[in-house]
**Q** 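Before we start, here is the structure in question, set down as structure tokens.
Numbered from 1 within each chain, the chains take letters A, B, ... in sequence-line order. What you see is a predicted model; the values in this text were computed from it and never measured.
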Amino acid sequence: DAEITQSPRHKITETGRQVTLACHQTWNHNNMFWYRQDLGHGLRLIHYSYGVQDTNKGEVSDGYSVSRSNTEDLPLTLESAASSQTSVYFCASSEGASGNIGELFFGEGSRLTVL
Amino acid sequence: GDSVTQMEGPVTLSEEAFLTINCTYTATGYPSLFWYVQYPGEGLQLLLKATKADDKGSNKGFEATYRKETTSFHLEKGSVQVSDSAVYFCALSRMVYGQNFVFGPGTRLSVLP
């Protein structure tokens, strides 16, 4: 079955370190998204991509970057981790071409703790 | 901009009780509406959706009707089970390039035996 997987599922790091969270989907979806989930804030969009070589900033993109070199992967990088980036991160994908965004499919999440 | 408002809870019910979680939205045009569910330790998964006014989405005993006149998409279930304990998110999408999903804050439901 097609799926979307995230790794690592849990990570503890120190302030100032670079961290990369991986996201891999096997649906061949054009669209991929990164969200963070925090108590009191729900889901907030960090970055998204509508296809290879396309990346866009979401509402909370500061301190994060993504790259899309192929259809399957959208890694999320924290250039210099801060305690405010302690959160649960979700990757999602959707099919959709010609400008239409379909239903979102989510990974199981990556819990990041920055000490 | 687009927004989704839903009761934040937590909501605590006894098994077999009736459930309503209110959701209202603000959006231009004609968005599609969704309910996602998140079980403990898992990602979100689609529960049901409706793509146009008066459509009713249904799945696993849950229902929601797209009411354009009241800009609402309330989630209901006639008899909840302990296994329904989860966080429920209302969301909208205008399904247009450049317009992403907008999620509500989520409502935590606990069902007691």
**Q** If you draw a 6.0 Å radius around CZ in A/Arg9, do more than 12 non-hydrogen atoms from other residues or ligands fall strictly inside?
**A** yes
**Q** Less than 4.5 Å to any heavy atom of chain B: does that hold for the side chain of A/Arg44, its backbone, both, or neither?
**A** neither
**Q** Could you state whether B/Leu109 and B/Phe73 fall into the same hydrophobic cluster, counting links through intermediate Ile, Leu, Val, Met, Phe, Trp or Tyr residues with side-chain heavy atoms under 4.5 angstrom apart?
**A** yes
**Q** How about OH on B/Tyr30, more than 12 heavy atoms from neighbouring residues, nucleotides or ligands closer than 6.0 Å, or not?
**A** no
**Q** Under 4.5 Å between side-chain heavy atoms, counting indirect links through other Ile/Leu/Val/Met/Phe/Trp/Tyr residues: same cluster for B/Val87 and B/Val111 or not?
**A** no
**Q** For the CD atom on B/Glu16, are there more than 12 heavy atoms of other groups (residues, nucleotides or ligands in this structure) within a distance under 6.0 Å?
**A** no
**Q** Tell me which of these, B/Gly106, B/Ala91, B/Gly43, B/Gly104, has more heavy-atom pairs under 4.5 Å with chain A than the rest.
**A** B/Gly43
**Q** As an exercise, state the distance from CZ of B/Phe101 to CG of A/Leu45, rounded to the nearest 0.5 Å.
**A** 11.5 Å
**Q** With a strict 4.5 Å heavy-atom criterion, list every residue of residues 67-76 of chain A that contacts chain B, or say none.
**A** none
**Q** Hydrophobic cluster membership, with links at side-chain heavy-atom distances under 4.5 Å among I/L/V/M/F/W/Y: are A/Phe33 and A/Val66 in one?
**A** no
**Q** Within a 6.0 Å radius of atom CD on B/Glu15, are there more than 12 heavy atoms belonging to other residues, nucleotides or ligands?
**A** yes
**Q** Answer yes or no: are there more than 12 heavy-atom neighbours, outside A/Ile12 itself, under 6.0 Å from its atom CD1?
**A** no
**Q** When hydrophobic residues are tied together by side-chain contacts of less than 4.5 Å, even through go-betweens, does A/Val60 share a cluster with A/Val19?
**A** yes
**Q** Got a sec: does the NZ of B/Lys68 have more than 12 other heavy atoms crowding it under 6.0 Å?
**A** yes
**Q** Can you name the residues of residues 105-115 of chain A that have some heavy atom under 4.5 Å away from a heavy atom in chain B?
**A** A/Phe106, A/Gly107, A/Glu108
**Q** Heavy-atom distance under 4.5 Å between the side chains of A/Leu43 and B/Tyr36, does that happen here?
**A** no
**Q** With a 4.5 angstrom heavy-atom cut-off, which part of A/Gln37 approaches chain B: side chain, backbone, both or neither?
**A** side chain
**Q** Can you get from B/Tyr25 to B/Leu46 by hopping between Ile, Leu, Val, Met, Phe, Trp and Tyr side chains that sit under 4.5 Å apart?
**A** no
**Q** I need the minimum non-hydrogen distance between B/Gln38 and A/Phe90, along with the two atoms involved.
**A** NE2-CZ, 3.2 Å
